[in-house]
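Quick caveat, the model's predicted, so the values are computed rather than measured.
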Amino acid sequence: MQQIINFLIRNKNNILFLLLLTFSLFLTIQSHSYQKSKFISSANFLSGGIYSWTSNINSYFNLEQYNLRLLEENERLRTRLASYEDTLNVKSFTDTSSFEASYIFRASEVINNNYAKVDNYLTLKSGARDGIERDMGVVTSRGIVGIVENVSPNYSTVISILNSNSRINAQLKKSNHFGSLVWNGEDPNVVQLTDVPSVAPIAEGDTIITGGRSLIFPKGLLIGYVKNYSLDQSESYYNIDVQLFNDMTNIGYVYIIENTQQAEIRALQDLSKDE
């Protein structure tokens, strides 16, 4: 304490000068609008920079939370969009091989993803308690991922499109020619589209989408594009390599698709088979 007192005594002239300077600056700022506005602008700039820096740090540490919020928002938007498009697709005929239905999209996190085996699976952090059931489609914003196979109360497993047992209806977007999407077990980002008739117009770069001829995926979901193609031995059908829009080695979050009319349609189909 004595050292502080001695310091103040030795520097009393300098301290007095600083006090007078501060007081004069205060009077100048208060009495002149230009100086006052400059001072406030400088203070705002400094505080704004601090707030921006703090906000950037908070944003970085909350990225996962923000991503979850975006997923939830996209979930609601996709569900509304599917319902909206359904009201626009009014047909003048009945196509017994495809169905107009209502779809609900639910967001989920992938906690395990295989892609280096012949039969690959994903595990999702969503289960029966979240409304997930067997035979629901799984997609990302960039394309399809697979189909739910088994469900527990809190988790579910998905047959990846990178699985020898996977068979998904797909089509050429520009011509409506259909085929089956399969995987030959080689490149995890390239699948094969088979059984497309040789009369179909095709070119490298053509977009491949879901065909809608099942109860799992709505029509028009992205899959990939034609990487290359050739005719089979009979020259009746194409063998097409499809470059996936999804990077199947890097799947973090997905949407699980529920066809709300699936049970009704299947019951009707089963009834028709029994007759």
Side-chain angles (χ1 to χ4, degrees), residues 82 85-86 88-101 103 115-121 135-147 149 158-249 251 257 259 262 265-266 269 272-273:
E85 289 178 342
D86 184 45
L88 296 179
N89 293 333
V90 179
K91 295 184 177 181
S92 58
F93 63 95
T94 300
D95 183 356
T96 57
S97 59
S98 64
F99 303 92
E100 297 296 338
Y103 296 90
Y115 52 83
K117 303 176 182 179
V118 175
D119 296 322
N120 295 291
Y121 290 84
D135 291 336
M136 288 185 175
V138 180
V139 302
T140 72
S141 59
R142 303 191 67 183
I144 65 172
V145 172
I147 299 171
E149 182 181 44
V158 177
I159 298 179
S160 170
I161 57 175
L162 308 180
N163 190 302
S164 63
N165 297 311
S166 175
R167 294 286 187 280
I168 295 174
N169 174 254
Q171 71 170 74
L172 294 166
K173 182 179 180 180
K174 71 178 184 182
S175 71
N176 290 326
H177 284 90
F178 293 87
S180 295
L181 198 72
V182 298
W183 187 51
N184 62 10
E186 297 178 4
D187 189 333
N189 286 313
V190 178
V191 295
Q192 287 66 49
L193 183 60
T194 63
D195 301 327
V196 175
S198 59
V199 296
I202 187 173
E204 292 183 5
D206 285 350
T207 301
I208 306 299
I209 60 175
T210 52
R213 298 196 172 195
S214 73
L215 302 178
I216 298 174
F217 294 104
K219 181 177 180 178
L221 295 179
L222 294 174
I223 296 176
Y225 63 88
V226 175
K227 183 178 181 181
N228 54 65
Y229 61 94
S230 62
L231 288 171
D232 65 6
Q233 291 183 348
S234 68
E235 296 190 351
S236 299
Y237 297 94
Y238 284 115
N239 292 317
I240 304 170
D241 282 334
V242 179
Q243 180 73 45
L244 297 171
F245 290 133
N246 264 331
D247 179 359
M248 291 298 294
T249 68
I251 305 293
I257 306 174
N259 181 344
Q262 185 179 103
I265 295 171
R266 281 195 169 162
Q269 289 177 331
S272 298
K273 290 178 183 178

J.: How would you list, by chain and number, every residue that makes a side chain to side chain donor-acceptor pair (under 3.5 Å) with S230, sequence neighbours excluded?
T.: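 S230 satisfies side chain to side chain donor-acceptor pair (under 3.5 Å) with no other residue.
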J.: At their closest point, which heavy atom of T249 faces which heavy atom of P188, and how far apart are they?
T.: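 Nearest pair, atom of T249 first, then P188: CG2-CG, 4.0 Å.
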J.: For S166 and V182, indicate whether the former's side chain and the latter's backbone hold a donor-acceptor pair under 3.5 Å.
T.: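 Side chain of S166 to backbone of V182: no pair is present.
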J.: Are the side chains of S198 and E235 in contact, using a 4.5 Å heavy-atom criterion?
T.: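 Of all side-chain heavy-atom pairs linking S198 with E235, none is under 4.5 Å.
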J.: Determine the minimum heavy-atom distance between N163 and W183, stating which atoms define it.
T.: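 Where N163 meets W183 most closely, the heavy atoms are N-CE3, 3.7 Å.
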J.: If you count heavy atoms of other groups shown closer than 6.0 angstrom to OH of Y121, is the number above 12?
T.: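 Correct, the count exceeds 12.
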J.: What's the shortest heavy-atom distance between Q243 and N189, and which atoms?
T.: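 Between these two residues, the closest heavy atoms are NE2-O, 3.4 Å.
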J.: Taking side-chain contact (heavy atoms from CB on, under 4.5 Å) as the criterion, tell me which of V191, D187, I144 meets it with L244.
T.: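 It is V191; the other options fail the test.
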J.: Would you confirm whether N259, through its side chain, and Y103, through its main-chain N or O, come within 3.5 Å as a donor-acceptor pair?
T.: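 Between the backbone of Y103 and the side chain of N259 there is no qualifying donor-acceptor contact (under 3.5 Å).
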J.: Excluding sequence neighbours, so at least two apart, what forms side-chain contact (heavy atoms from CB on, under 4.5 Å) with D241?
T.: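 Checked D241 against side-chain contact (heavy atoms from CB on, under 4.5 Å); matches are V190, Q192, K227, N228.
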J.: Taking only residues two or more places apart in sequence, or in another chain, which ones meet Y229 in a side-chain contact (heavy atoms from CB on, under 4.5 Å)?
T.: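 In terms of side-chain contact (heavy atoms from CB on, under 4.5 Å), with neighbours along the sequence ignored, Y229 is linked to I202, E204, V226, Y238, I240.
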J.: Could you work out, with salt bridge (charged side-chain N to carboxylate O under 4.0 Å, His left out) as the rule, every residue matching K174, not counting sequence neighbours?
T.: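 Scan of K174 (salt bridge (charged side-chain N to carboxylate O under 4.0 Å, His left out), adjacent residues dropped) gives D206.
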J.: Quick one: side chain to side chain donor-acceptor pair (under 3.5 Å) partners of N176, sequence neighbours excluded?
T.: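 In terms of side chain to side chain donor-acceptor pair (under 3.5 Å), with neighbours along the sequence ignored, N176 is linked to Q171.
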J.: Between CG of L162 and CG of N120, what distance do you get to the nearest 0.5 Å?
T.: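 L162 CG to N120 CG: 5.5 Å, rounded to 0.5 Å.
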J.: Can you name the one residue among V196, N169, L172 that meets side-chain contact (heavy atoms from CB on, under 4.5 Å) with F178?
T.: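 Considering V196, N169, L172, a side-chain contact (heavy atoms from CB on, under 4.5 Å) with F178 is found only for N169.
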J.: Side chains of I147 and I168: does their closest heavy-atom pair fall under 4.5 Å?
T.: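 With C-beta onward as the side chain, the pair touches.
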J.: Considering non-hydrogen atoms only, spot the tightest contact between P197 and H177 and give its length.
T.: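 Distance-wise, the nearest heavy atoms are CG-CD2, 3.7 Å.
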J.: What residues form a side-chain contact (heavy atoms from CB on, under 4.5 Å) with N246, not counting sequence neighbours?
T.: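 side-chain contact (heavy atoms from CB on, under 4.5 Å) list for N246, sorted by chain: T140, R142, V145, M248, I251.
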J.: Does any N or O in the side chain of R167 come within less than 3.5 Å of the main-chain N or O of S164, such that one atom is a donor and the other an acceptor?
T.: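 Checked: pair present.
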J.: Can you name the closest pair of heavy atoms from I257 and P218 and give their distance?
T.: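 Shortest heavy-atom separation between I257 and P218 comes out as CD1-CD, 4.0 Å.
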J.: Just to verify, what does S180 make a side-chain contact (heavy atoms from CB on, under 4.5 Å) with, not counting sequence neighbours?
T.: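 For S180, the residues satisfying side-chain contact (heavy atoms from CB on, under 4.5 Å) (neighbours in sequence not counted) are T194, D195.
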J.: Shortest non-hydrogen contact from L181 to A170?
T.: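 Between these two residues, the closest heavy atoms are CB-CB, 4.3 Å.
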J.: Scan residues 175-186 for pairs that pass salt bridge (Lys or Arg N to Asp or Glu O under 4.0 Å), counting only residues two or more places apart or in two chains.
T.: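 Found none.
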J.: Once rounded to the nearest 0.5 Å, what's the spacing between atom NZ of K173 and atom CD1 of I209?
T.: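 So the gap between those two atoms works out to 6.5 Å.
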J.: Can you list everything that forms a side chain to side chain donor-acceptor pair (under 3.5 Å) with T207? Sequence neighbours excluded, please.
T.: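 None.
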J.: Run the side chain to side chain donor-acceptor pair (under 3.5 Å) test against D232 and tell me which residues pass, sequence neighbours left out.
T.: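 Side chain to side chain donor-acceptor pair (under 3.5 Å) check on D232 returns S234.
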